[in-house]
2 protein chains.
Amino acid sequence: MKKEKKDTKQLILDTALELFSKRGYSAVSIRDISGKLGLKESAIYYHFKNKQDIFDVLCQSFENVIYSIPPNFAAEMAKVTKVEKEAFLMVCHSYFTNYLMEERVNQFLRMLIIEHGINEVAAKMYHRMMYDEAVDNQILIFNWLVQLGFLKTDNVERMVMDYHAMVVYLFHRYLICGEITDKVKRTIAEELTKHIDHFLERYGTCKEGK
Amino acid sequence: MKKEKKDTKQLILDTALELFSKRGYSAVSIRDISGKLGLKESAIYYHFKNKQDIFDVLCQSFENVIYSIPPNFAAEMAKVTKVEKEAFLMVCHSYFTNYLMEERVNQFLRMLIIEHGINEVAAKMYHRMMYDEAVDNQILIFNWLVQLGFLKTDNVERMVMDYHAMVVYLFHRYLICGEITDKVKRTIAEELTKHIDHFLERYGTCKEGK
DNA sequence: GTCTATAAATGGATAGAC
DNA sequence: GTCTATCCATTTATAGAC
């Protein structure tokens, strides 16, 4: 049960992530981080070996986030036997609101994008989070939706590409630059809904009134 | 007719762009730039007011690149009266090989992506180059292809989104991280060809053997 | 666990010689 | 147009007091 007042180490990580995600690693000094927390630089060095160590610990802590998503989702999937459009829409939107737009995940992804040119670890994590693993998971899910009879296609991979390309597009266009304002949130929601409608016109099985 | 041996000013810009695009503005020192050119720091200050000035001049020089593309393309378009799939494919691939993958344009875009979080100018240019203007141009071109009878759709904007999302996807996945090796070039070519085939199955008018 | 003080290095920028 | 020399601010990092 170790408990410093309010876990300075975690506060340092949070502050560092916030600043790194805006300005990039090298533009942020230890003073910036400690100053923002009302500490002196030396206090940082009590908790971390050096500046790079903060970055590395941040990356490690997000490894866990990544690995926890697919199993959680698989567990949810197992319970479902029939999927309606409403549920599909909700899950798609939730991927944005609870993951890509979630404050810390969003900050982490911004940081990776800035750093992936000079940092091998950042490059690997960015590609895993944004492409390799995202596509793999989507293939799994869409295959399952095909088996459930909610989607139809003769080429699941192409279908996933169609879907995922738009996700990446919206992410880079709206969620990586500047603040995520309410206006941005509305834009994302509208664009995503339009995209899913379009997607289901092509790959959906339930013919509706629309 | 002013001509320093081989235009040091331009060499500084080239070197700065190369380094900025890899490490980001703040991680590159004046010493890094001058050192790589076999000069002393003070030589840089003869050509530029300060470090920020180098960045600003780089941005200005690319303003011209951006504005020269649509008129050039429009002039080419005016000459054409009939479009075959071969020509369409060629133009799509050329957008990658001669623009997104072209060394300097690619470096500049990488730099913008790194800097757009802290630099207003970078943010504006990135969005213009990658989204606003790219989409506008594509709408123009695809509208023209619809009129020529090469494409058909009841929603040009959606068609453009389908197309452009994949371009942005391929760009961010393959062209913004690490070296653009021959392997990467092949991957891009293959993916793009697959995408265009898929795209024409949906929006093309010429039914072919395939 | 945080502070003061300080070392050591790095980076931006200028003055003036050549 | 480039160099030497130098200045000053910032930054990383450590030692030792509290």
Side-chain angles (χ1 to χ4, degrees), chain A residues 1-61 111 114-115 117-122, chain B residues 1-61 111 114-115 117-122:
Chain A
M1 289 279 147
K2 59 175 175 178
K3 217 181 210 172
E4 312 143 36
K5 301 160 224 166
K6 214 201 167 232
D7 208 351
T8 303
K9 188 163 184 173
Q10 188 56 50
L11 285 174
I12 293 170
L13 286 172
D14 292 344
T15 308
L17 177 58
E18 188 199 331
L19 295 177
F20 289 165
S21 73
K22 280 185 187 145
R23 310 185 210 156
Y25 176 82
S26 65
V28 176
S29 70
I30 297 282
R31 266 208 257 287
D32 291 330
I33 300 169
S34 62
K36 195 153 189 187
L37 287 168
L39 296 173
K40 296 294 169 189
E41 302 99 285
S42 45
I44 305 281
Y45 287 98
Y46 173 80
H47 296 280
F48 296 94
K49 212 179 87 219
N50 52 33
K51 190 181 163 190
Q52 186 61 44
D53 189 33
I54 303 177
F55 184 89
D56 294 339
V57 172
L58 271 174
C59 287
Q60 271 170 33
S61 76
M111 185 183 85
I114 296 173
E115 299 307 324
I118 21 173
N119 187 298
E120 193 66 22
V121 175
Chain B
M1 290 275 147
K2 59 174 177 180
K3 216 179 209 172
E4 312 143 36
K5 298 161 227 167
K6 214 202 167 232
D7 209 351
T8 304
K9 187 164 186 174
Q10 188 57 50
L11 285 174
I12 294 170
L13 286 171
D14 293 345
T15 308
L17 177 59
E18 187 199 331
L19 295 177
F20 289 164
S21 73
K22 279 184 186 146
R23 309 186 210 156
Y25 176 82
S26 67
V28 175
S29 69
I30 296 282
R31 274 208 247 287
D32 290 331
I33 300 169
S34 62
K36 194 152 189 190
L37 286 167
L39 296 173
K40 295 295 168 188
E41 303 99 285
S42 45
I44 305 279
Y45 287 98
Y46 173 79
H47 296 281
F48 297 93
K49 210 178 90 220
N50 52 32
K51 191 182 165 190
Q52 187 61 46
D53 189 34
I54 302 176
F55 184 89
D56 295 338
V57 171
L58 271 173
C59 287
Q60 271 170 33
S61 76
M111 185 182 86
I114 296 174
E115 299 307 324
I118 21 172
N119 187 298
E120 194 65 24
V121 176

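Scope of the values below: all heavy atoms of this structure, side chains included, with no hydrogens, waters or symmetry mates. In what follows, chains carry the letters A, B, and so on, assigned in the order in which the sequence lines appear, proteins first and then strands, with residues in each chain numbered from 1.
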List the steps and the verdict of side chain to side chain donor-acceptor pair (under 3.5 Å) for B/Q52 and B/D56. CA-CA 6 Å; B/Q52 187 61 46; B/D56 295 338; 3.2 Å; yes
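When distances run from any side-chain atom of B/T8 to the nucleotides D/dT2, C/dT2, D/dC3, the shortest one goes to D/dT2.
Atom CD of residue B/Q60 and atom CG of residue B/D53 lie 8.5 Å apart, to the nearest 0.5 angstrom.
One finds no side-chain N or O of B/Y46 lying less than 4.0 angstrom from the OP1 or OP2 phosphate oxygen of D/dT2.
For the pair A/F20/A/I114, no side-chain contact is recorded, criterion being any heavy-atom separation below 4.5 Å from C-beta on.
We find that NZ of B/K40 is positioned 15 Å from C1' of C/dG11, with the value rounded to whole Å. Atom C1' of nucleotide C/dG1 and atom CZ of A/F48 are separated by 14 Å, given to the nearest angstrom. Per the geometry, CD1 belonging to B/I44 stands 11 Å off C1' belonging to D/dT2, to the nearest Å.
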Indicate for each nucleotide in nucleotides 12-18 of chain D, in 5' to 3' sequence, whether protein heavy atoms under 4.0 Å reach the base (B), only the sugar-phosphate (S), or nothing (-). BBBB---
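Residues B/S26 and B/K51 come closest through the heavy atom pair CA-NZ, 3.8 Å.
The aromatic rings of B/F55 and B/Y25 lie perpendicular to each other, with more than 60° between the two planes, well past the 30° mark.
Looking at A/L13, A/L39, A/I12 one by one, the single match for side-chain contact (heavy atoms from CB on, under 4.5 Å) with A/I33 turns out to be A/I12.
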